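The chain is numbered in sequence order, starting from 1. Order of listing sets the numbers, starting from 1, for every ligand and every atom in it. Since this is a predicted model, take the numbers as computed values, not measurements.
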Amino acid sequence: MKGVILVGGEGTRLRPLTSRLPKPMVPIVNRPFLERMIGWMKGFGITDIVLAMGYLPDRIRERLGDGAELGVTLTYSVEDSPLGTAGAVKLAVGHLDDTCFVFNGDILTDLDLGAMLAAHREATAKVSIALTPVHDPTQFGVVEFDAERRITKFTEKPRREEVRSNLINAGTYIIEPEVLDRVPAGQYWMFERSLFPDLLAAGERLLAYPSDCYWIDIGTPDKYRQVHRDLLAGRVHAHLGRPRGEDLWVGDGCDIDESASFLGPVVLGDRVQIGPGAVIAGPTVIGNGSSVGANANVTDSILWENVRIGDGAIVSECIVANDSRVDCTAFNAVIGANVVVESGNRLDHGLRIWPDRVIQRDTLSFG
Ligand code: GDD
Ligand code: MG
């Protein structure tokens, strides 16, 4: 079965993590998000996968290639300028000859796609839309439906007073081929604001598929941290690596000093070095080739690849991108790639540090 993943967004709210990396490639517990997503799709027999891309397409293509390593067939469709969600699918697949799945490329979920497809067929719907409950629907597309789960209304990014339901479009659709015929080729066109409301107006059957499966959009640093907490706490099933004892997963070729200690769920990638007296408290993920110096303390943090935490540094609730070095106290900071923060600094208050910056000794003290 065919599936199209929409990966055209720039991921602005996740900057500086997405300054150089498209959002779908940010690591989720040491594995690019998109690889995890493709694994989930493959579990339901969706192996003919098209990526509808715009921003930094080469970074995705270089890593995933033709999909053979993931056991799927990947093809790529690149827009010169954004075509919107429906326009992007139209460009990516042209004309469909069978039912097709469409996915927003920034959602981690364990939705049962097989059950959704069965419901879609049973209802002989033109489109089925997965729904999920959220606390604040104003950031999403609210979907209203009747007792037969027939969708009656879409309100994209409603104002607070317009909110009549906390069930929102969860970003997974099943579409029948003919609906794409309504999308003008080469024009900016959105499912949420144009195609779905048009289909409703034309009296077509659109099926609401609400569920209480795990669902999170990974688009902000807070959500990104939350995904890691959830995966490490086992709230959603994911392969974390090779377990060593309880609450610790250790990759290949790691060098862990015997005086280092681990508390709570901690995942180490390959070739990670942990120095004497270091304390790593979970939920924490440390990426391939990274190191934590002597007596350093890392708590509730996500370190990407080749990150160095200096001797005695204290890093708590931080996200640190590839090739960066932190030798100071950092609390709740998001640090881009290839940054150096020397000792004698204090990073605080959700500070975001852009890639390639060097913060010299004793220059920053917040909090
Ligand atoms: N190829 C391509 N081209 N992809 C696009 C384009 C485009 O022009 N515009 C958006 N996308 C991709 C994004 O990369 C993302 O994966 C997905 O389409 C949705 O776009 P977002 O920009 O993330 O939209 P949103 O989060 O504000 O709202 C959407 O998702 C919500 C669920 O998270 C809507 O579908 C809402 O209705 C929904 O509730
Ligand atoms: Mg989104």
Distance-only N or O hit between ligand 1 and [X], under 3.5 Å:
{"X": "Glu156", "answer": "yes"}
{"X": "Gly105", "answer": "yes"}
{"X": "Gly141", "answer": "yes"}
{"X": "Glu79", "answer": "yes"}
{"X": "Phe140", "answer": "no"}
{"X": "Asp217", "answer": "no"}

For ligand 1, which atoms have a heavy atom of [X] less than 4.0 angstrom away?
{"X": "Leu83", "value": "8 (O)"}
{"X": "Pro82", "value": "8 (O)"}
{"X": "Tyr173", "value": "35 (O)"}

Closer than 4.0 Å: a protein non-hydrogen atom to atom 3 (N) of ligand 1
yes
Below 4.0 angstrom, counting only protein heavy atoms, does anything approach atom 8 (O) of ligand 1?
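Yes, at least one protein heavy atom sits under 4.0 Å from atom 8 (O) of ligand 1.
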With a 4.0 Å cut-off on heavy atoms, does [X] reach ligand 1?
{"X": "Trp215", "result": "yes"}
{"X": "Trp189", "result": "no"}
{"X": "Gly171", "result": "no"}

If you have a sec, work out which protein heavy atom is nearest [atom] and how many Å separate them, to one decimal?
{"atom": "atom 6 (C) of ligand 1", "value": "Gly84 C, 4.2 Å"}
{"atom": "atom 21 (P) of ligand 1", "value": "Asp106 OD2, 4.3 Å"}
{"atom": "atom 12 (C) of ligand 1", "value": "Leu6 CB, 3.7 Å"}
{"atom": "atom 38 (C) of ligand 1", "value": "Asn169 O, 3.2 Å"}
{"atom": "atom 25 (P) of ligand 1", "value": "Lys157 NZ, 3.7 Å"}
{"atom": "atom 35 (O) of ligand 1", "value": "Glu192 OE2, 2.6 Å"}
{"atom": "atom 10 (C) of ligand 1", "value": "Thr85 CG2, 4.0 Å"}
{"atom": "atom 33 (O) of ligand 1", "value": "Ile107 CD1, 3.4 Å"}

Using modelled atom types and a 3.5 Å cut-off, is there a donor and acceptor pairing between side-chain atoms of [X] and backbone atoms of [Y]?
{"X": "Arg15", "Y": "Arg352", "answer": "no"}
{"X": "Arg346", "Y": "Asp362", "answer": "no"}
{"X": "Arg308", "Y": "Ser324", "answer": "no"}
{"X": "Asn169", "Y": "Gly141", "answer": "no"}
{"X": "Lys90", "Y": "Val183", "answer": "yes"}

Any chance the side chains of [X] and [Y] put a donor and an acceptor closer than 3.5 Å?
{"X": "Arg205", "Y": "Thr124", "answer": "no"}
{"X": "Glu144", "Y": "Ser165", "answer": "no"}
{"X": "Asp323", "Y": "Asn338", "answer": "no"}
{"X": "Asp300", "Y": "Ser316", "answer": "no"}

Tell me which part of [X] gets within contact of ligand 1: side chain, backbone, both or neither, using heavy atoms under 4.0 Å.
{"X": "Val7", "result": "backbone"}
{"X": "Ala52", "result": "both"}
{"X": "Ile168", "result": "side chain"}

With a distance cut-off below 6.0 Å to the six-membered ring centre and an angular limit of 45° from the axis, does Arg150 pair with Phe145 as a cation-pi contact?
no
Looking only at N, O or S atoms in Asp106, which is nearest to the Mg ion (ligand 2)?
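Result for Asp106 and the Mg ion (ligand 2): OD2.
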Can you see which heavy atom on Cys213 is nearest to which on Asp110, and at what distance?
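Heavy-atom minimum between the residues: CB-OD1, 3.2 Å.
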For the residue pair Phe140 and Trp215, does the interplanar ring angle fall in the parallel (under 30°), tilted (30 to 60°) or perpendicular (over 60°) class?
perpendicular
Could you check whether the rings of Phe103 and Phe101 sit parallel, tilted or perpendicular, using 30° and 60° as the cut-offs?
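Correct class here is parallel.
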Proximity winner for atom 17 (C) of ligand 1, if only heavy atoms of Asn104, Ile218, Thr132 are counted
Asn104
Is the Mg ion (ligand 2) under 2.8 Å from any N, O or S atom of Asp217?
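It does not: Asp217 brings no N, O or S atom closer than 2.8 Å to the Mg ion (ligand 2).
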Is Leu117 close to Ile174 at the side-chain level, that is, under 4.5 Å between some pair of heavy atoms?
yes
Does any part of the side chain of Thr99, heavy atoms only, come nearer than 4.5 Å to the side chain of His120, both counted from C-beta?
yes
Salt bridge check, Asp146 against Lys153: does any charged N sit closer than 4.0 Å to a carboxylate O?
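Not counted as a salt bridge, because no side-chain N and carboxylate O are separated by less than 4.0 Å.
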